[in-house]
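By convention in this document, chain letters (A, B, ...) are assigned in the order of the sequence lines, proteins followed by strands, and residues within each chain are numbered from 1.
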Amino acid sequence: MKIGVYFCNCGTNIADRIDGGKVREYLEPSGRMSYFKTCPFLCSEDGKVFLEQDLKDEKPDRIVIAACSPREHEATFMRVMGQAGMNPYLMQMVNIREQIAWVTEDPEKAVKKTSVAINAALKRVELHEMLEKQELEVSPAVLVIGAGPAGLKAALTLAEAGRRVTLVEKSPVIGGLPVLFEELFPNMECGPCMLEPVMAEILHGEHAENIELLTMAELTEVAGYFGNFEVKIRQRPRYVDIHQCIGCGECFEPCPVSGTNPFNNDMDEKKAIGFTFMGALPNAPYLDPTLCTRFTEGSDCSACSAACPMGEGVIVFDDQEQIIERQVGSIILATGSTLYDCSRFDNLGYGRLPDVKTALEFERILASNGPTAGEVVTSTGEQPGSVAFIHCVGSLDDDHKPYCSGICCQYAFKYNHLLESKLTDTKILHLYKEIVSPGKEEYALHRAARDNHNATFIRYDRISDLAVTGENDGQKIRLPDGNSINADMVVLCPAVVPTADTEKLGAMLDVSLDRFGFFEELHGRMDSARSKIRGVYLSGACQAPADIQKATSQGMAASGFILSELVEGRKIELDPLFASVYPEKCAGCKVCMRVCPYRAIHFDEENSVSVVNGVLCHGCGTCVAACPMGAIKANHFTNEMILAEIEGALK
Amino acid sequence: MPEKPKLAIYWAASCGGCEIAVVNLHEKILDVDAAFEFMFCPCLLDTKKKDIEALPDKSIAITLFNGAIRTAENEEMARLLRKKSQLLIALGSCACEGCILGLANLHSKQEIFKAVYLDNPTIDNPAGTIPSPASEVPEGTLTIPAFYDKVKTLGQVTAVDYFIPGCPPESHQIWNVVEAVVSGAQLPPAGSVLGAGCLSVCDECERVKEDKKIARFYRNFEITPEPRKCLLEQGLLCMGIATRDGCGAPCPQANMPCTGCYGPPEGITDQGARMIAALGSILDIGDCKGKSEEEIAARVEALLDSVPDYAGTFYKYSLPGSIIGGRVKR
Ligand SMILES: Cc1cc2nc3c(=O)[nH]c(=O)nc-3n(C[C@H](O)[C@H](O)[C@H](O)COP(=O)(O)OP(=O)(O)OC[C@H]3O[C@@H](n4cnc5c(N)ncnc54)[C@H](O)[C@@H]3O)c2cc1C
Ligand code: SF4
Ligand code: SF4
């Protein structure tokens with residue numbers, strides 16, 4: 001076997017410390033090396049031309065390149081090998097710069113170390129196999145789960161790029177949380193209005209035909225992998241034909257039954273047929289079968305249908321649940337977050353005292369389409385003379401959520417601003433542990449709140465330092481210093497936490513959750529819009545507490561990844577460094593099944609052997625070490641290669 | 001009648017279990033006798049060493065050699081039988097890998113002698129005599145075979161044609177080998193394992209296997225295992241995953257975890273290391289998200305504490321044949 005060694009001087013970086021000539025003398029007697037060539041800068045244009053030509057002339061079977069870290073130039077040299085017509089995996093790179101030249105004082109020792117390292121590579125490279133990249137057909141279609149700001153932006157971005165998108169939303173409305181908010185920090189824009197252009201594009205825009213919107217729908221099953229997911233979606237019946245309905249609302253009035261409205265946090269009532277709130281999109285009501293007497297009592301009421309100006313058939317009493325199957329290449333999770341359960345804090349009185357509200361409830365009180373039509377009133381219908389905002393409820397708290405939720409200070413200052421204009425005399429109290437308002441726009445509201453002469457700021461240490469108790473005419477809050485202060489209304493700003501669906505979806509898609517229960521990103525700084533599962537992306541508050549800016553940016557980031565990783569018409573290239581099971585060696589013990597961090601291993605029950613899916617495998621080698629049969633081979637890192645390398649270093 | 005091929009069964013450092021396994025061929029032993037001239041077997045026949053020495057080289061067709069190499073005598077007999085035999089077959093775990101007595105490699109010869117001849121509470125040895133290859137007595141010099149510092153496998157002292165693993169090998173597997181040799185069937189390349197499978201005990205074990213995740217280990221007496229579920233998944237330290245098959249998995253099917261007597265599976269050099277690597281991948285210390293390093297370390301510790309005896313569990317049969325071979329002295 002003809003094995004050539006290329007020794008790069010890296011200018012003086014390597015040559016200053018390691019004498020290539022001596023290394024050559026040291027290695028020659030083993031007879032393992034067919035030739036040894038030195039180059040001043042192998043990665044330079046000249047160096048690459050030299051390498052390519054030399055490979056064409058020498059036609060070696062294998063080569064060893066002694067130069068810098070493979071992280072720096074392995075790919076460079078592999079490309080040159082490809083150009084020279086040599087399989088790029090028939091090379092072993094030895095890092096003699098960072099690992100030897102830069103860290104070895106004594107030139108004698110440096111020569112010895114280098115020779116040992118190259119000898120190890122020579123032994124190993126003999127066993128290298130020609131590996132080829134494989135290609136796989138993929139589906140360019142995308143499934144987006146959740147139609148909040150993150151999911152909407154993602155869906156629209158992808159649709160605009162010509163992708164088919166299936167947008168699955170659990171509730172009857174799109175827009176996520178912000179469509180419930182009257183105004184938004186930092187610039188006090190109206191929530192529904194801000195999202196309206198995006199929602200309108202999705203529903204009727206130029207690219208709407210690329211988007212299949214499924215409301216009242218949830219993902220129930222997933223099979224397959226990156227590029228080829230088979231998904232099943234269950235859509236609950238809406239009982240209203242969304243295409244025929246014009247959203248006039250004539251049907252609400254005649255309906256004889258009503259119940260509390262979950263979209264107003266049960267603070268008011270709605271009819272069995274109705275909108276979640278005025279202005280909700282898609283502009284069609286839904287019928288709640290837990291209220292409608294046709295379902296609860298088996299009645300034959302058809303008051304709503306009779307009232308429909310569009311005639312019969314718009315309200316579809318026999319609407320059925322649908323199971324919709326789609327094939328997609330990638331999936332974006334954009335399911336948002338929820339608020340920490342405030343009833344865990346007995347001292348705050350939430351759930352017991354009618355005028356202790358959560359921020360989400362307060363948003364609805366502020367909203368003109370909310371239960372009080374935007375009037376801030378207490379449970380007795382009076383304007384509050386004082387409102388206390390308790391920040392950091394459950395946040396920054398090792399017993400609850402040890403992180404800062406980031407958005408709460410912002411919306412509390414938003415409330416301060418809204419109250420200042422709505423109720424000019426109302427006293428405002430901010431109770432906080434820390435205050436954050438980073439960002440180029442965000443400080444303005446903080447400043448305004450500080451400048452509000454009706455507002456007082458009091459810092460507390462632990463949530464247990466506060467106690468909210470009911471008084472005849474409102475609430476009394478005991479402060480950390482032992483004094484008490486009255487508040488007609490108390491608004492809690494709880495930690496942002498993962499929704500209940502996060503765990504379920506995580507298990508279904510094998511997407512890991514972080515220690516707080518949010519979907520875990522591939523890398524916190526560099527790759528927060530990707531999960532650890534290839535082809536599953538994360539956007540918005542389901543990955544971490546987020547404001548709308550971050551949520552929409554992540555939606556677009558995920559779209560960007562999809563557009564670059566799954567290009568229509570282009571097959572995906574599979575890195576050949578994956579693991580594979582020798583079926584004849586597998587004893588079916590299933591030791592390997594759970595160890596793969598990328599869920600690339602499944603069990604073929606028929607043949608009673610494990611199988612690694614090369615598309616999902618990242619070649620990490622975990623399973624190779626786990627298999628007690630030695631039945632799993634990691635391409636390019638076989639046991640034989642590793643042992644040969646060790647032997648070459650020791651002998 | 002043409003002369004029958006000669007068969008020898010020798011025991012070196014062993015317990016005699018392999019001979020019993022041969023005798024357990026029951027009436028088939030008659031077939032063995034019909035096919036071979038059974039001419040050397042110290043526990044059954046009175047042939048002497050000098051009789052063997054007198055034979056021409058390669059005149060024994062098959063020697064089934066059981067027992068490990070503990071003394072100079074064991075080695076001498078191994079070399080002699082090698083010379084006189086056409087096929088030298090390592091029979092049983094001791095000859096193949098060193099087996100239980102190979103655990104002595106965790107101690108030096110001095111430590112062993114001290115424990116056996118000096119500190120042993122049932123020994124009365126006021127003179128502190130310990131065995132020595134040559135001892136001077138008034139009558140002259142007494143010699144006994146030297147006791148080696150380390151137990152060795154048969155393959156470590158001489159070339160071995162085939163290996164039949166097991167402690168002891170299953171009788172039907174011994175029969176399979178004998179039958180194959182008698183029938184003149186093509187034998188696999190020298191150095192192969194005979195009378196065993198190529199997978200692991202799991203392949204023969206009928207228990208239902210699922211994904212594995214072990215939160216703690218139990219000693220056998222601590223639990224009554226559920227009869228159909230994989231024992232390892234129930235926390236019993238079953239070595240089946242890292243043990244060659246061929247035995248038919250009698251132990252796990254009788255609710256006893258495999259202790260590994262058939263040695264490492266095909267292609268695996270170190271049974272214990274493989275087992276440890278596999279366990280390292282499936283031991284489960286629970287959700288560590290947000291847990292302190294101390295707590296994580298304590299959980300690992302507690303789990304490892306539930307493994308009773310590392311060497312005696314993972315290397316019960318294979319220490320001398322393993323990569324490190326025993327305790328390494330510096
Ligand atoms: C009280 C409060 C006030 C706020 N005020 C502001 C503000 O003024 N300005 C600002 O920038 N940010 C504000 N935020 C933050 C803002 O709400 C979030 O940044 C934003 O909602 C995140 O968008 P998202 O798309 O990630 O999630 P969401 O808006 O929560 O949307 C998620 C969507 O996914 C759907 N979904 C959930 N699970 C499933 C499932 N299993 N299948 C299908 N669909 C599912 C939900 O129904 C929802 O429609 C506020 C947050 C709160 C709590
Ligand atoms: S660990 Fe090895 S032998 Fe066991 S099932 Fe996986 S591949 Fe097969
Ligand atoms: S090498 Fe790593 S990524 Fe590939 S199958 Fe094995 S454990 Fe999974």
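Atom CD of A:Glu503 is surrounded by 12 or fewer heavy atoms from other residues, nucleotides or ligands within 6.0 Å. In this structure, B:Arg216 places its CZ atom where more than 12 heavy-atom neighbours from other residues, nucleotides or ligands lie under 6.0 Å away. For CD of A:Glu584, the number of neighbouring non-hydrogen atoms (other residues, nucleotides, ligands) closer than 6.0 Å is greater than 12. Summarising the local packing, CD of B:Glu206 is surrounded by 12 or fewer heavy atoms from other residues, nucleotides or ligands at distances under 6.0 Å.
Here B:Leu232 contributes atom CG and A:Lys590 contributes atom NZ; the two are 13.5 Å apart, rounded to the nearest 0.5 Å. How far SG of A:Cys586 is from CG of B:Leu199: 8.0 Å, rounded to the nearest 0.5 Å. To the nearest 0.5 Å, the span separating NZ on A:Lys585 from SG on B:Cys198 amounts to 10.0 Å.
Taking B:Pro265, B:Gly240, B:Pro264 one by one and counting their heavy-atom pairs under 4.5 Å with chain A, the maximum is reached by B:Pro265. Of all the listed residues (B:Glu266, B:Lys291, B:Gln271, B:Lys213), the one sharing the greatest number of non-hydrogen pairs under 4.5 Å with chain A is B:Lys213.
Scanning all heavy atoms of the two residues, the minimum distance from B:Ile282 to A:Val591 falls at CG2-O, 3.4 Å. Here the shortest heavy-atom pairing between B:Ser200 and A:Met629 reads CB-SD, 3.3 Å. For the pair A:Cys589 and B:Ile241, the tightest heavy-atom approach, listed with the atom from each and the gap, is CB-CG2, 3.8 Å.
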Using side-chain contact (heavy atoms from CB on, under 4.5 Å), reason through B:Lys212 and A:Met593 one step at a time and then give a plain yes or no. CA-CA 7 Å; B:Lys212 295 182 172 41; A:Met593 295 297 293; over 6 Å; no

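A:Asn639 touches chain B through its side chain: at least one heavy atom from C-beta onward sits under 4.5 Å away, while N, CA, C and O do not.
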